[in-house]
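Read the structure below first, then the notes.
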Amino acid sequence: MPAKGVSLGTEAAQQVLAGGSAGLVEICLMHPLDVVKTRFQIQRGKAEPSSYKGLGDCFRTIYHNERIFGFYKGILPPILAETPKRAVKFFTFEQYKKLLGLSALPPGLVFAMAGLGSGLTEAVVVNPFEVVKVSLQANRGAQTDSTFAQARRIARTEGLGLRGLNKGLSATLGRHGVFNMVYFGFYFNVKGLVPEIQDPMLEFLRKFGIGLASGTFASIINIPFDVAKSRIQGPQPVPGEIKYRGCWKTMSTVYSEEGFLALYKGLLPKIMRLGPGGAVMLLVYEYSYAWLQKHWW
């Protein structure tokens, strides 16, 4: 139920605004690492022309060939998506947590299952934006279509369904569902176990550290789904021929052709982004939600 004296509509508005703010701050800070992560994930082996030899080489090559704006390719789709995406993430997490709290589930499991539900809901909202973002990030040239031109091209040539703007949906469901299950489950369970600190700065660092660990563990566990999503939504090896189709089939293909470690491509930039980025989101959400609850007109 909403807090005493607060309507459900007000509570929802506060959660949506706090969640949207958290997403916007996180994407603006961390997007360059998302570009690097995607470039690694769509790379099919070191024998591929123009392959990146490592994290440093990838940063240098993007800057040399595409300059600073190369690190911000595809940023408009996540910016457009972040407010509804993170609003959906945090709002649905709070609502699923409330509903599951009425069940006989242990409290610790409630957080994880609410996270799973919020991740699956979030994935449905964000997938079309992810398709456009990955197609923009995969372009290694200095020039690229605008976000809206790219979205129109995909919709016109491939449609709105599972071969067009919603391709890779199963992998996106897996990526977001698994991530949020671990992310929320770990954060709220561990935060409840580690005592609060009276000093505001130390308390901030306590929450940041737990959020950092949450984002890091969730990233390690869900990255095979992320690789599958990038392969399905990115350029296919042979133009006009669909090689990567379906989440589990894509994982199997990557594993059989490139080995187990290929399912963890892009892990370092992903952790560098979603470790601190995950902490930033949780803290911005918690502090802005608390501020809105106190100052709501």
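Being a predicted model, the structure only gives us computed values, none of them experimental. The first residue of the sequence shown is numbered 1, and numbering continues consecutively from there.
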Does a donor on one side chain and an acceptor on the other come within less than 3.5 Å for Gln95 and Gln15?
-> yes
Transitively linked via ILVMFWY side-chain contacts under 4.5 Å: Phe179 with Met251?
-> yes
Ring centroid separation Phe90 to Phe184 under 6.0 Å = yes
Just grab all the salt bridge (charged side-chain N to carboxylate O under 4.0 Å, His left out) pairs involving residues 156-184, residues at least two apart or on different chains.
-> Glu130-Arg175, Glu158-Lys167, Arg175-Asp226
Could you list all the salt bridge (charged side-chain N to carboxylate O under 4.0 Å, His left out) pairs where at least one residue sits in residues 104-128, not counting sequence neighbours?
-> Arg86-Glu122, Lys89-Glu122
Classify the ring geometry between Trp248 and Phe225 as parallel (under 30°), tilted (30 to 60°) or perpendicular (over 60°).
-> perpendicular
Ser219: side chain to side chain donor-acceptor pair (under 3.5 Å) partners, not counting sequence neighbours | none
Side-chain ion pair, Lys133 and Asp34, N-O less than 4.0 Å | yes
Does Ala123 offer a backbone N or O that forms a donor-acceptor pair with the side chain of Asn127 under 3.5 Å?
-> no
With under 30° as parallel and over 60° as perpendicular, where do the rings of Tyr264 and Phe260 fit, or are they tilted in between?
-> tilted
In chain order, what residues pass the side-chain contact (heavy atoms from CB on, under 4.5 Å) check against Leu105, with sequence neighbours excluded?
-> Leu100, Ser103, Leu109, Val110, Met113
When the ring planes of Phe186 and Phe217 are compared, do they come out parallel, tilted or perpendicular, using 30° and 60° as the limits?
-> perpendicular
Euclidean distance, Ile210 CD1 relative to Lys191 NZ, rounded to 0.5 Å = 8.0 Å
Salt bridge (charged side-chain N to carboxylate O under 4.0 Å, His left out) filter on Arg152, not counting sequence neighbours, yields none
Flag the pair Glu196 and Lys207 as a salt bridge only when some basic side-chain nitrogen lies within less than 4.0 angstrom of an acidic carboxylate oxygen.
-> no
Check step by step if side chain to side chain donor-acceptor pair (under 3.5 Å) holds for Tyr244 and Gln236.
-> CA-CA 7 Å; Tyr244 301 113; Gln236 300 294 309; over 6 Å; no
Please name all residues satisfying side chain to side chain donor-acceptor pair (under 3.5 Å) with Thr121, sequence neighbours left out, ordered by chain then number.
-> Tyr96
Hey, is the main chain of Thr253 close enough, under 3.5 Å, to the side chain of Ser256 for a donor-acceptor pair?
-> yes
